[in-house]
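To start, the structure under review is shown below, and the notes come after it.
The first residue of the sequence shown is numbered 1, and numbering continues consecutively from there. All of these numbers come straight from a predicted model, not from anything done at the bench.
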Amino acid sequence: MSPAAPTARSRRDGLWQHLAMAGLVAGLLLPLSLVPAFQLVDARVYDLLSTIMPARPAEPGAVIVAIDEPSFSEIGQRWPWSRALHARVLDELRAAGAKVVGFDIIFAEPSDPQADQALAKALGPDVVLAADDVTTGLEQGTQVTRVQPLDLFLDAGAAAGLTSVSLHGDAALRDVPRAPDSFAAEMLRKAGMAAAIPPLGALIQYFGPPRSYPTVSYYQALDPGTFLPPGTFKDRIVLVGLSLKASAAADSGAPDSFPTPYTLSTGSLTAGVEAQATILDNLLHGLYVVPVSRLTALGLVLAASLLGAFLCREGVNWRSGSSTLLLLAFWIIGSWALLRFGRVWAAPVLPVSATLLVVATRFGVDYARERRMRRAISTAFSRYLSPDLVAQLAADPSALKLGGERRNLTILFCDVRGFTSLSERLKDQPERLTSLINRLLDPLSEAVLAEGGTIDKYMGDCIMAFWNAPLPRPDHAARAVAAAARMMTAVTVLNRTLKDEEGDSAPVFAVGIGINSGDCVVGNVGSRWRYDYSVLGDTVNLASRLEGLSKEYGVSVILGPDTAEAVQAGHALIELDRIAVRGRASESAIYTVLHPGPGEADAFADLARQHALLMTALRAGDRAEALRLLALCAPVTPVLARYYDRLRARIPSDGDEQAVAAGGSA
């Protein structure tokens, strides 16, 4: 199989996952379009968008004569007014040149006979009177009753126009009446204009807040020559109706007014007579808005889901976030542009919801995947790293560069001295041997983790650890040396504990530690079936070599040259020897680290001076001077007693012809 095959397959799998996610989101959202509460959300969005730069007719199609509060004040009559007064205003409007007059008032009940006769005499074929359909719910069904004007008025030549409207769940008037004999349609017919039946579900396009149409008060229309400019009603359609802030009478019901899209911004209701004028212009100029078909709406939801899945195919980041914002703007602005210039309503709520839900789903998937990755990192590294480092890696997985990188690290090898003989002694007690080594490795490992180190591996009784990876540690050399000191203390404590438990027969542990710093390659090492996070390089090899030399030199800790250079300012170092190091032309010094107690600083400073002279004498072959200095240095610190004994054994005897420097290659 080619290396590209798994990548291609993973891309195909990712594509199908995104398609499935888009389909699932679309399938969940589609039923919402049938929920009345969600339809109201669409309607409110229509209210908002339809009021932004709405299309308007060149001039208003009607003039409104408002039965308003000033008219009640001037006329001084209680509602309902005498029909003789309506006859008078009709005569005045006709005399002022009105083309058609519509009364948005239902004259269904007889009143004063003389007043009824006066109105009937004034009526004619240029007048439209309001009718209404009253719906009554009965046990056996729904009954619709047509409330017509009196036959007296219809016989006089007036036409009846249905003023009934359909309100949405929030009581707002948005739907264009489809009845062929609607009030607005009859007004247009009387004016000799065509009035086509609008499509099912057509929405009213409002042109402004209340009183956007030319409006005069009823009392002004009673005497237009006095109160109004000439030509106010000339060749115009005139609508007469209530335009009140409150009910005209206690028994008249609610005022004839409705919430419209502009109610959201103005908080005011629009009078029914003005709504009828708006419907008239919608029918006359074809300005009503037609919603897209249900199939088209479903297609938009599916398209939004697919586009959202495409945008976040690489995950949710600032690029996909910016693209998502642009897509959301496209749905909203596109919906407005289609409404404004195409007179088509494609509600953006479901497409916007689909886009957001797909992106949110992908974000949730990414979040869950990141949580799993953090748990995997925590699980994988908790065996090797301190809890603080594991927490940092889990919080920022990008700090972990798997696959190999070059870094300057400090490597530590710690080996148990005499483990082979202990194993032989306890070969018939494997449980006992395992228990002992675990009791030792546990505090040794704790010492590494306490100093922020990474445990690379356990090799029997040997521990390999390193610092400055996977997270950076600028003081990695000092931390490794501090870990070595903790290890030595841990061994002392364990030996004391074992002696308390078992007496003089208890095993006594000792360790040798080699520490070296330098450039290494760190990352996943292994095969495709199994790999470990480990380090490679000559720095590692030298650290292992130094751990082995610790036994030869009789010290517990040996530092490589780079480690010693890094920590020399804060630690008491003693040069042990010079050895050949791969990659360096000259021999390099190796050191051990001492830990002077309180008040021992002067003694150590004197030891350091004498020891430096001792190493110089050895390299110069000055046997007498070397022995003299050795006698001065050896008693100062018991920790170096074995080292000085072995150094003394390597000084040539007095009879040798050549002095051999003890600082030769080890």
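- R648 is linked by a side chain to side chain donor-acceptor pair (under 3.5 Å) to D645, counting only residues two or more places apart in sequence or in another chain.
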For this session: Please report the C-alpha distance between E547 and R417 in whole Å, then the side-chain angles of each, then the deciding distance to 0.1 Å, and finally whether the salt bridge (charged side-chain N to carboxylate O under 4.0 Å, His left out) criterion is met.
Result: CA-CA 11 Å; E547 179 272 314; R417 296 285 176 253; 3.2 Å; yes
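- R473 places no side-chain N or O within donor-acceptor distance of the main-chain N or O of G453, the cut-off being under 3.5 Å.
- The number of heavy-atom neighbours closer than 6.0 Å to CZ of F38, taken from other residues, nucleotides and ligands shown, is above 12.
- Side-chain N or O atoms of S550 include none that pairs as donor or acceptor with a backbone N or O of V557 at under 3.5 Å.
- For the side chain to side chain donor-acceptor pair (under 3.5 Å) test, residues two or more places apart in sequence or in another chain that qualify with D475 are R479.
- Note: L630 CG to R623 CZ = 11.0 Å, rounded to the nearest 0.5 Å.
- Under the side-chain contact (heavy atoms from CB on, under 4.5 Å) test applied with F509, the options L436, L444, D461 reduce to a single match, L436.
- Side chain to side chain, T539 and N516 fail the donor-acceptor criterion of an N or O pair below 3.5 Å.
- Checked by atom type and distance alone, the side chain of S305 pairs as donor or acceptor with a backbone atom of V301 at under 3.5 Å.
- Among all heavy-atom pairs drawn from L632 and V636, the shortest one is O-CG2, 3.4 Å.
- Residues that satisfy the side chain to side chain donor-acceptor pair (under 3.5 Å) test with S517, not counting sequence neighbours, are T410, T563.
- Here the closest heavy-atom approach between residue I513 and residue M487 is recorded as CD1-SD, 3.8 Å.
- V416 is not listed as a side-chain neighbour of L422, based on a closest heavy-atom distance of 4.5 Å or more.
- A617 and E625 get closest at one heavy-atom pair: CB-CG, 3.9 Å.
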Exercise. Please walk me through it: do D606 and D602 pass side-chain contact (heavy atoms from CB on, under 4.5 Å)?
Worked result: CA-CA 6 Å; D606 185 61; D602 293 340; over 6 Å; no
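- Partners of Y644 by ring-ring contact (aromatic ring centres under 6.0 Å, His included), not counting sequence neighbours, listed by chain and number: H611.
- The neighbour count for E446 CD, taken as heavy atoms of other residues, nucleotides or ligands under 6.0 Å away, does not exceed 12.
- In this structure, the separation between CG on L576 and CG on L647 is 9.5 Å, given to the nearest 0.5 Å.
- Applying the side chain to side chain donor-acceptor pair (under 3.5 Å) test to residues at least two apart or on different chains, none of the pairs has a partner in residues 633-642.
- Within the 4.5 Å cutoff, the side chain of P507 has heavy atoms near those of the R432 side chain.
- In this structure, the separation between CZ on F604 and NE2 on H595 is 10.5 Å, given to the nearest 0.5 Å.
- The line from CD1 of I558 to OH of Y591 is 13.0 Å long, rounded to the nearest 0.5 Å.
- Of the residues L559, V555, V639, the one that meets the side-chain contact (heavy atoms from CB on, under 4.5 Å) test with T592 is V555.
- Listed for the D562 side chain is no donor-acceptor partner under 3.5 Å among the backbone atoms of G518.
- Using a 4.5 Å cut-off on side-chain heavy atoms (C-beta onward), I515 and L546 make no contact.
- Here the side chains of C462 and F419 are not in contact, with every heavy-atom distance at 4.5 Å or above.
- No more than 12 heavy atoms of other residues, nucleotides or ligands sit less than 6.0 Å from atom CZ of F363.
- Atom CG of residue D504 and atom CD of residue E502 lie 11.0 Å apart, to the nearest 0.5 angstrom.
- For the pair W331 (side chain) and L300 (backbone), a donor-acceptor distance under 3.5 Å is absent.
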Problem set entry | Intermediate values then yes/no, side-chain contact (heavy atoms from CB on, under 4.5 Å), L307 and T355 | CA-CA 7 Å; L307 285 173; T355 302; 5.9 Å; no
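- Residues L618 and L629 are not in side-chain contact: their nearest non-hydrogen atoms beyond the backbone lie 4.5 Å or more apart.
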For this session: Could you walk me through whether R496 and D500 pass the side-chain contact (heavy atoms from CB on, under 4.5 Å) test, one step at a time?
Result: CA-CA 6 Å; R496 188 182 305 118; D500 292 341; 4.2 Å; yes
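- Separation of atoms CZ (R425) and CG (L433) is listed at 10.0 Å; rounding is to 0.5 Å.
- Minimum interatomic distance between L614 and A626 (heavy atoms only, all atoms of both residues): CD1-O, 3.2 Å.
- At a threshold of 4.5 Å between non-hydrogen side-chain atoms, the residues V593 and V567 do not count as touching.
- The environment of E565 atom CD is sparse: at most 12 non-hydrogen atoms of other residues, nucleotides or ligands sit within 6.0 angstrom.
- Of all heavy-atom pairs between G460 and L441, the closest is O-CD1, 4.0 Å.
- Residues passing the side chain to side chain donor-acceptor pair (under 3.5 Å) test with R439, sequence neighbours excluded: E501.
- For the pair M464 and V535, the minimum side-chain heavy-atom distance is below 4.5 Å.
- Formation of a donor-acceptor pair under 3.5 Å by the T492 side chain with backbone atoms of M488 is found in this model.
- What you find for I574 and A608 is that their closest heavy atoms are CD1-CA, 4.2 Å.
- By the 4.5 Å heavy-atom criterion applied to side chains, L607 and L594 are counted as neighbours.
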